[in-house]
Amino acid sequence: MSASEPVKGEGNPFEIDVNEMRELGYHVVDCLIERLLSAREIPPVRMHQDEEKLEALRKPFGEQPQHARQVIDAALEQVFGNTMNLMHPRFYAYMPAPGNYISTLADFMASGFNVFAGTALHNQGAFEVEQQTIDWLGTQFGWDFPSSGLFVSGGSAANMTALAIARHVKLNGINDRAVVYCSTQTHSCIERSMILLGFKPDQLRLIEPDDCFRIEATSLEQAIHEDLAAGLRPFCVVANGGTTNTGAVDPLPAIADVCERHDLWFHIDAAYGGGAILSREGRSIFAGAEHAHTIAIDPHKWMFQPFECACLLGRKQHWFQDTFRRLPAYMRDTDVTGELFNYRDMGAQVTRSFKAFKLWLSLQVYGVDCFRKAVDDGLELARYAQRRVDSMAEWEVITPATLGVITCRFVGTANPDEADGINQQLAHRLNATHTAYITTTELNGMTVLRMCPIHPAATTEDIDQTFDLLEEFAGSMESVLGDR
Ligand SMILES: *Cc1c(COP(=O)(O)O)cnc(C)c1O
């Protein structure tokens, strides 16, 4: 082979005609906008998936190219036609996450420009955005110093990163006797983190909460005393900043005191509830959060961001680096000092997408006040739902509206043994109308309906029509039962 013979000719096999690029892009944007505009017409969930469409997705990839527009249009039907519609204002399940259009564009940009958010060198624009957004989040929680932190995929990743840091900073290598404390209402991702970090199951101490599903500082401290007496090494408390079940917030100031007294890491899982920090009411609920060492928050929940967007906030940057920083030879050219640091040294990921950008862009475009108002509206709507349940004979509020979550239960059955099944049925029948989506959970051994009406477009009419249906179904089920 002579040197003048090119091994590879010019041309990128992934190149597409520039006109086609534009057309495809505009087409996708048009489809997104259409979906946004019809958010109310598309069911929040479909109770039956379209098996024919799913079957079409199971065919093998071909070696030859296909027409881009056709493949995209087929995906719109087969893939996106078979997903939950989280943009529906009556999507009340879990933590509704409708996203917002500006952040969607931000994701498109971050992906299109393929920003590498692992290093600061040659990347300082992205670095500044992430820094500034983290600092702003810390300020919301009352941190009056420059906050550190790291954007990650979700609350699960943020909590796990926090536990790894807490172990590194507090334990100095002790592992077997180390104990983490949280309540039985704490999100299951804490248990999963313990597995991933190599702890044994009994190293997580679950505390029974009080009647309002909040940890009592006295129960916490008692458990700590018992463990100390048994030669164990308590090192971390995970406080709830809004439980998934009921929105309960553990008594943060009292837990901060306990942590201070026993030299424990004070972590707050505010994955869901943290968004409420933007409202005045939320700020008072979160009083005491300023004492936390680390706080996990999911802007992809109550800050209206598309998935994935979560953040672990930490008081000191060196904690993150002490825990995670490694500098192999193949990375040394991008090492930085001084004001700059690399986010790849702060957590588990080296290659990182630019997740801060969507929050940053949407905060600027809409303005912070728009977010505050949207959170306030959600808090208010949950209270409206509570008042509505209060007004319904044969229904009970089980936990009052707390951080936008309310739980309730139909209690008008002659036979209390049937109540759990009936409430489960009620959720199912409501969801089968394809006009709303709620889920059930279990509290004090009872099946309850759980509702989180925080979609920014949800209205009091949405709440009323939802409960009209629930009442109607409850009435008809009662008469069936009564006939037996
Ligand atoms: C949602 C949630 C999590 C898990 O977060 P992901 O973003 O789903 O990984 C953890 N804790 C609480 C309190 C949550 O609400």
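Note that ligands are numbered from 1 as they come in the structure, with each ligand's atoms numbered from 1 the same way.
- Taking a cutoff of 4.0 Å between a charged side-chain nitrogen and a carboxylate oxygen, D176 and R233 do not qualify as a salt bridge.
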Derivation of the ring-ring contact (aromatic ring centres under 6.0 Å, His included) call for H262 and H225
CA-CA 10 Å; H262 296 278; H225 283 143; 5.3 Å; yes
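- Screening residues 438-463 for salt bridge (Lys or Arg N to Asp or Glu O under 4.0 Å) gives R40-D462, R90-D462 as the qualifying pairs, with residues at least two apart or on separate chains.
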Please tabulate protein-ligand N/O pairs under 3.5 Å for ligand 1, atom names and distances to 0.1 Å.
| from | atom 1 | to | atom 2 | distance (Å) |
| --- | --- | --- | --- | --- |
| ligand 1 | 5 (O) | G155 | N | 3.2 |
| ligand 1 | 5 (O) | S156 | N | 3.4 |
| ligand 1 | 5 (O) | D298 | OD2 | 3.3 |
| ligand 1 | 7 (O) | G155 | N | 2.8 |
| ligand 1 | 7 (O) | D298 | OD2 | 2.6 |
| ligand 1 | 7 (O) | H300 | NE2 | 2.9 |
| ligand 1 | 9 (O) | G155 | N | 3.3 |
| ligand 1 | 9 (O) | S156 | N | 2.8 |
| ligand 1 | 9 (O) | S156 | OG | 2.6 |
| ligand 1 | 11 (N) | D269 | OD1 | 3.2 |
| ligand 1 | 11 (N) | D269 | OD2 | 2.6 |
| ligand 1 | 15 (O) | T244 | OG1 | 3.4 |
| ligand 1 | 15 (O) | K301 | NZ | 2.9 |

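- In this structure, the ring of Y92 has its center no less than 6.0 angstrom from the ring center of Y94.
- With contacts defined as side-chain heavy-atom distances shorter than 4.5 Å, the pair Y272/T244 does not qualify.
- In summary, the aromatic rings of F127 and F341 are positioned with their centroids under 6.0 Å apart.
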